[in-house]
Amino acid sequence: MSRWLKNLNPEQREAVQTITGPLLVLAGAGSGKTRVITHRVAHMMELSIDPQQILGVTFTNKAAAEMRQRLTGMVGQGASKVTLSTFHSLGLHILRAERARRKRSGALSVFDTGDQLSCLRELCHRIHLERSLDLGSILQRISAYKNAFVEPGDSVASEDPYDEAATLLYPAYQEQLQAYSAVDFDDLVCLPTRMMEQSDACRHRWSDRFRHVLVDEYQDTNAAQLRMLRAIAGPHRNLCVVGDDDQSIYGWRGAEVRNILRFAKDFPGAKTVTLGRNYRSVGSVLRLAGAVIARNPERHEKTLVAVREEGTPVRMVVTSDGDSEARWIVSHIREALAGGRRGGDIAVLYRSNLFSRELESELRAEGIPYRVLGGTSFFESKEVKDLVAYLRICANPADEISLRRVINAPPRGIGPRTVSTLSDWSEKHQTSFYQALRQADEILGGGRSATAVAGFLELTDRYRRRLGQGSQLAPAARAHGRAPLRAPERLPDVARELSDELGLEAQIRQTPGTPQAADRRVARVRGLIDGMQSYCAHAPRPSLQEYLGRIALSSNEDDEPVGRDLVTLSSLHGAKGLEFRLVLLAGMEEGYLPHERTINPHQNDMEGGDIAEERRLLYVGITRAMDELVLTRCQERMLRGRPQPRTPTRFLDDIGPELLQLDDLTLPPDHEQMQSMLADLIARLEG
DNA sequence: TGCTATGTTATTTTT
DNA sequence: TAACATAGCA
């Protein structure tokens with residue numbers, strides 16, 4: 001027997017052993033999902049399957065890195081031959097490879113949401129579209145069109161003003177991206193998929209390259225991702241997907257629970273393996289989870305069986321207001337720490353990141369070290385984006401969004417007037433904004449701003465050359481061998497000098513705000529450069545192109561060191577895939593879970609709120625707990641500066657005292673409690 | 001050009 | 001309440 005089949009339960013072994021044909025692994029929370037994936041890959045390698053032909057797809061870099069680490073621990077360096085990547089970096093890889101084949105080697109900018117919004121804002125401005133429309137809602141619709149493979153220009157019949165705006169803007173937006181040599185996150189999945197669907201040769205290149213495909217968190221895939229998988233795995237059908245429909249919490253982002261519910265229909269002959277034993281949580285936690293999720297319709301029917309002991313009962317603690325709730329949570333954490341629990345074993349989870357503030361100040365006051373998952377990402381901070389924009393301009397001068405972003409940052413006398421003159425000219429002459437900058441002198445008729453533009457171009461040209469990015473701008477020179485490219489200098493050195501020349505740090509210190517805030521921002525700039533340093537040290541063939549693609553697709557938590565003693569604060573979404581000895585779920589109230597906006601959706605929200613998804617969110621939260629779970633809620637909470645009465649979440653209606661031990665701190669203590677308090681007091685006085 | 005005053009609006013956010 | 005954006009003013 002292959003050594004990777006030992007120490008697995010029968011279902012896990014079944015999943016690991018099934019290596020050909022479509023396979024659906026329904027992996028309930030805590031049922032050893034990652035174990036199955038890594039063992040399955042190791043087992044395949046044991047059977048002499050070429051690791052280079054194995055592809056593992058995840059949603060986050062973190063998950064991919066974790067999987068790589070576990071696999072390396074099992075099979076050693078052979079693990080590095082397996083492709084473990086996110087959907088988006090896989091898409092970028094395919095896109096680049098296919099473009100290289102077609103001799104289109106120019107750079108690509110990867111637009112994040114901020115870049116997309118800037119692009120849309122510019123378009124709306126240009127066509128004088130009503131400014132009152134919320135751009136995010138339009139973008140959401142464009143994203144939905146893309147993922148449904150609606151072509152730009154296809155009409156979508158709808159009366160909804162947002163649908164109309166999106167239909168109008170979608171073609172213009174897509175044209176704009178093309179002109180910028182840019183792709184957005186959706187394109188990273190859709191464009192390679194379309195290439196594979198339209199060309200048998202292309203499709204077979206990739207399905208031959210990856211003859212075994214595994215997908216993690218399949219319940220979170222959207223329609224385009226399904227099509228991508230179909231293209232790659234269609235020919236050989238060696239597709240194993242792992243997921244749990246009960247943990248689908250990204251429907252609002254286009255994830256289709258349907259994908260996992262209908263896997264057997266999409267891939268006929270698929271085998272299904274259900275992992276139903278939970279190794280994570282004590283019985284009391286698991287029974288509550290089961291009771292909560294059982295009331296959702298449309299799911300793969302399954303009951304998780306506890307392997308562990310019953311444990312202590314789950315508590316519901318009720319306090320009078322938000323303040324006392326936060327205080328109670330922190331005091332409970334303090335007790336747990338005093339009782340020997342490590343900070344790293346404790347998490348407080350909440351529906352909305354807003355909640356972290358109250359907890360943070362309370363934790364700080366108590367001197368308890370913590371970390372906050374989520375929030376604004378490192379790469380979304382202004383100072384980092386600015387410096388990155390310069391690098392993006394070096395790699396891709398067509399990237400108008402980056403050009404506009406920093407053309408006057410730091411201020412160099414190129415105001416909005418100048419920018420719009422140049423922009424109008426480029427539009428009128430059907431050329432790029434960059435070309436307009438090149439001809440600024442004639443367009444503006446000389447003058448101060450023309451000189452400033454020339455200075456800006458001189459600066460970016462100089463750094464572009466230093467980074468060895470000049471080739472696409474001067475192909476002729478290269479062909480004649482007249483200007484041999486100097487070996488590019490090291491990226492971090494150049495970036496540091498760029499930052500110095502721009503005076504970024506001095507500028508940060510000048511902008512209003514506390515000195516600590518300025519310190520943090522300066523530290524982020526330095527952190528960015530340090531990141532380049534370590535990228536250049538570790539990447540096999542470092543390049544500016546690759547580096548930019550990487551940071552565009554990376555989140556802040558990717559290589560964050562995890563302190564063993566830090567209490568974790570996280571949104572329920574951010575906690576998926578994690579586990580903690582002690583979990584506190586805060587704000588178990590109507591309007592908060594389910595969220596107000598799910599109960600009463602805005603009229604510009606794309607689809608009605610999905611209450612079932614909110615229930616799954618609670619389920620995800622509950623199932624993070626290993627040993628102890630405490631739910632909290634309060635009776636009145638400050639909302640938008642006003643105190644609001646709060647009622648308990650509907651998801652815990654009819655859940656009996658055998659599942660949930662109610663602890664209402666707003667009631668006067670009863671006789672028994674009074675006695676124990678007195679006993680405590682006496683003991684303390686005597687001790 | 002840059003600052004201040006005022007108004008507006010509050011999810012979740014793997015990439 | 002607090003953060004952010006925009007408008008209007010100096």
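Per chain, numbering begins at 1; letters A, B, ... match sequence-line order. These figures come from a predicted structure and were not determined experimentally.
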Practice problem: Take the protein atom CG of A/Leu639 and the nucleotide atom C1' of B/dT11, then report the distance between them rounded to whole Å. | Solution: 13 Å

Quiz item: C/dT1 P sits how many Å from A/Met638 CE, rounded?
Solution: 6 Å

Exercise. Would you please name every residue forming a side chain to side chain contact (heavy atoms under 4.5 Å, CB included) with A/Glu383, sequence neighbours left out?
Key: A/Ser381, A/Ile508, A/Arg521, A/Arg524, A/Val525

Quiz prompt | Set of ring pair (Phe, Tyr, Trp, His ring centres under 6.0 Å) partners for A/Phe580, sequence neighbours left out | solution = none

Quiz item: Who are the side chain to side chain donor-acceptor pair (under 3.5 Å) partners of A/Tyr250, not counting sequence neighbours?
Solution: none

Exercise. Assess the pair A/His93 and A/Trp206: is the distance between their ring centroids shorter than 6.0 Å?
Key: yes

Quiz item: Looking for any heavy atom pair under 4.0 Å, which part of the strands does A/Asp220 touch: base, sugar-phosphate only, or nothing?
Solution: base

Self-check item: side chain to side chain contact (heavy atoms under 4.5 Å, CB included) against A/Pro594, all qualifying residues, sequence neighbours excluded
Solution: A/Glu590, A/Ile599, A/Ile611, A/Glu614, A/Thr649, A/Arg650, A/Phe651

Quiz item: Does a side-chain N or O from A/Asn61 land closer than 4.0 Å to OP1 or OP2 of B/dT14, or not?
Solution: no

Quiz item: With nearest nucleotides of DNA chain B determined for A/Gln140 and A/Leu188 from heavy-atom distances, which residue corresponds to the more 5′ nucleotide?
Solution: A/Gln140

Quiz item: Over how many whole Å does the gap from A/Leu354 atom CG to B/dT12 atom P extend?
Solution: 7 Å

Self-check item: For A/Tyr180, all residues meeting ring pair (Phe, Tyr, Trp, His ring centres under 6.0 Å), sequence neighbours excluded
Solution: none

Quiz item: Expressed in angstrom and rounded to an integer, what is the separation of A/Leu349 atom CG from B/dT12 atom C1'?
Solution: 13 Å

Self-check item: A/Arg351, nearest nucleotide to its side chain (from B/dT11, B/dT13, B/dT14)
Solution: B/dT11

Quiz prompt | A/Asn353 side-chain N/O to B/dT11 phosphate OP1/OP2 under 4.0 Å | solution = no

Quiz item: Over how many whole Å does the gap from A/Leu117 atom CG to B/dT13 atom C1' extend?
Solution: 13 Å

Quiz item: Going by number, which of residues 249-259 of chain A have a non-hydrogen atom under 4.0 Å from DNA chain B?
Solution: A/Tyr250, A/Trp252, A/Arg253

Quiz item: Taking NZ from A/Lys62 and P from B/dT15, how many angstroms apart are they, rounded to a whole number?
Solution: 9 Å

Self-check item: Those residues that, when tested against A/Tyr162, pass ring pair (Phe, Tyr, Trp, His ring centres under 6.0 Å) (two or more places apart)
Solution: none

Quiz item: With respect to the phosphate group of B/dT13, does any side-chain polar atom (N or O) of A/Ser571 fall under 4.0 Å of OP1 or OP2?
Solution: yes

Exercise. Quickly work out the A/Asn147 CG to B/dT15 P distance and round it to whole Å.
Key: 16 Å

Practice problem: Would you please name every residue forming a side chain to side chain contact (heavy atoms under 4.5 Å, CB included) with A/Glu256, sequence neighbours left out? | Solution: A/Ala223, A/Arg258, A/Asn259

Quiz prompt | Geometric cation-pi criterion, A/Arg227 with A/Phe149: 6.0 Å, 45° | solution = yes

Quiz prompt | For A/Ala575, all residues meeting side chain to side chain contact (heavy atoms under 4.5 Å, CB included), sequence neighbours excluded | solution = A/Leu349, A/Ser570, A/Arg624

Quiz item: Going by the angle between their ring planes, with limits at 30° and 60°, are A/Phe263 and A/Tyr218 parallel, tilted or perpendicular?
Solution: perpendicular

Enumerate the protein-to-nucleotides 1-9 of chain B contacts in which both atoms are nitrogen or oxygen and the separation is below 3.5 Å.
{"residue": "B/dT1", "atom": "OP1", "partner": "A/Asn408", "partner atom": "ND2", "Å": "3.3"}

Self-check item: Pairwise 5' ranking along DNA chain B for A/His595 and A/Glu217, keeping only the more 5' one
Solution: A/His595

Might you list the N or O atoms of the protein lying below 3.5 Å from N or O atoms in nucleotides 3-5 of chain C, with each pair's distance?
{"residue": "C/dA3", "atom": "OP1", "partner": "A/Arg357", "partner atom": "NH2", "Å": "3.4"}

Quiz prompt | Sequence neighbours excluded, every pair satisfying side chain to side chain donor-acceptor pair (under 3.5 Å) that has a member inside residues 402-412 of chain A | solution = A/Glu122-A/Arg404, A/Asp386-A/Arg405, A/Tyr390-A/Arg412, A/Arg392-A/Ser402, A/Asp399-A/Ser402, A/Glu400-A/Arg404, A/Arg404-A/Ser423

Self-check item: Length of the CG-C1' vector between A/Leu578 and B/dT14, whole Å
Solution: 12 Å

